[in-house]
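Quick caveat, the model's predicted, so the values are computed rather than measured. Just so you know, ligand 1 is whichever comes first in the structure, and atom 1 is the first atom listed for that ligand. Scope of the values below: all heavy atoms of this structure, side chains included, with no hydrogens, waters or symmetry mates.
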Amino acid sequence: MELSITQPDDWHLHLRDGKLLEAVVSHCSDHFGRAIIMPNRKPPVTKTSEAMAYREAILKALPESSKFTPLMTIYLTDTTPHEIKLARESRVVFAVKLYPAGATTNSQHGVTNLFRKCLPVLEEMVQQNMPLLVHGEVTSLDVDVFDREKVFIDEVLDPLIQKFPRLKVVMEHITTKDAVKFVESCDDGFVAATVTPQHLALNRNSIFQGGL
Ligand SMILES: NC(=O)N[C@@H](CC(=O)O)C(=O)O
């Protein structure tokens, strides 16, 4: 099978900021037309106003002739429903990202309990047709590191979709058959996933490289 893409988009891009942003962004814009920009900067991009300022910094760092379009996201934390309205009105914020607290880089401001803390925001996201991008792993120490995605699906994602069947959800950088099966089992048009090569290439052996 051959797949031709006239110009690809990047659905999961970390640009960070400062010198790193300046060094990386032109490599992205050489290849991609648009990219979903991850908000886990330090400090995280939690507000629409911050996403707009971040977007300006990205545009400024681009080569002059570039037509690259950054599609901004905001980081779910103590986000209010009003912030979701602002995000929708801005026309530059396209999604909200859920990082379970402690799961990955700069996730310390992430969500500790989605169902206890975020229901009004999630309701507003359904109203505004604002997608939720999900870093899908639990962080409990009693869950095997290779089961984190599956347990997240069982304990968080499945109940979330039962509660909000019209919420658009994207599982980011999935790495398990369980995640693929889960996406396939959901209603068409509501739950999708991205796959990133680097998350697939790092396997059990990578953890032990260089010795224990
Ligand atoms: N291991 C990673 O890929 N980490 C990402 C966060 C993420 O997208 O999960 C990062 O920001 O460094």
Asks: Evaluate the side-chain proximity of Y75 to H109: yes if any heavy-atom separation is below 4.5 Å, no if none is.
Replies: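 They are in side-chain contact.
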Asks: Using heavy atoms and a threshold below 4.0 Å, how should the contact between R41 and ligand 1 be classified: side chain, backbone, both, or neither?
Replies: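 For R41, no heavy atom sits under 4.0 Å from ligand 1.
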Asks: Please assess M72 against M52 for the test side-chain contact (heavy atoms from CB on, under 4.5 Å), listing each intermediate value before the final yes or no.
Replies: CA-CA 8 Å; M72 308 310 292; M52 290 168 92; over 6 Å; no
Asks: Based purely on interatomic distance, does R16 place a nitrogen or oxygen under 3.5 Å from a nitrogen or oxygen of ligand 1?
Replies: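 Yes, R16 has an N/O under 3.5 Å of an N/O on ligand 1.
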Asks: Starting from atom 4 (N) of ligand 1, find the nearest protein heavy-atom neighbour and note its residue, name and distance.
Replies: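 Answer for atom 4 (N) of ligand 1: T104 OG1, 3.3 Å.
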Asks: Salt bridge or not for R166 and D187, using N-O below 4.0 Å?
Replies: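 The answer is yes: the pair qualifies as a salt bridge.
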Asks: Contact between ligand 1 and H12 is defined here as a heavy atom of the residue under 4.0 Å from a ligand atom; is it met?
Replies: yes
Asks: Among V195, L133, V134, which residue satisfies the side-chain contact (heavy atoms from CB on, under 4.5 Å) criterion with E172?
Replies: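 That would be L133.
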Asks: Within a distance under 4.0 Å of any heavy atom of T105, pick out the atoms of ligand 1 and give their elements.
Replies: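 Here the atoms of ligand 1 in question are 4 (N), 5 (C), 10 (C), 11 (O), 12 (O).
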Asks: Among all protein heavy atoms, pick out the one at the shortest distance from atom 11 (O) of ligand 1; state its residue, atom name and that distance to 0.1 Å.
Replies: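 In this structure, atom 11 (O) of ligand 1 has N40 ND2, 2.7 Å as its nearest protein heavy atom.
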Asks: Judged by non-hydrogen atoms, does E137 sit under 4.0 Å from ligand 1?
Replies: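 It does not, in that no heavy atom of E137 comes within the 4.0 Å cut-off of ligand 1.
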Asks: Return the option from M38, K97, E172, H135 holding the heavy atom at the smallest distance from atom 9 (O) of ligand 1.
Replies: H135
Asks: Counting non-hydrogen protein atoms only, what is the nearest one to atom 5 (C) of ligand 1? Give residue, atom name and distance.
Replies: H14 NE2, 3.6 Å
Asks: Does ligand 1 have any atom sitting under 4.0 Å from a heavy atom of Q198?
Replies: no
Asks: Look at the aromatic rings of H173 and H135 and report parallel, tilted or perpendicular, splitting at 30° and 60°.
Replies: perpendicular
Asks: Could you list the donor-acceptor pairs under 3.5 angstrom formed between side-chain atoms of residues 97-105 and any protein atom two or more places apart in sequence or on another chain?
Replies:
| from | atom 1 | to | atom 2 | distance (Å) |
| --- | --- | --- | --- | --- |
| K97 | NZ | Y99 | OH | 3.2 |
| Y99 | OH | N40 | OD1 | 3.3 |

Asks: Considering all heavy atoms of both residues, which atom of H199 and which atom of T175 are nearest to each other, and what is their separation?
Replies: O-CG2, 3.5 Å
Asks: Where the side chain of S90 meets the backbone of V92, is there a donor-acceptor pair that is under 3.5 Å apart?
Replies: yes
Asks: In terms of residue, atom name and distance, what is the protein heavy atom nearest to atom 1 (N) of ligand 1?
Replies: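 That would be H199 NE2, 3.8 Å.
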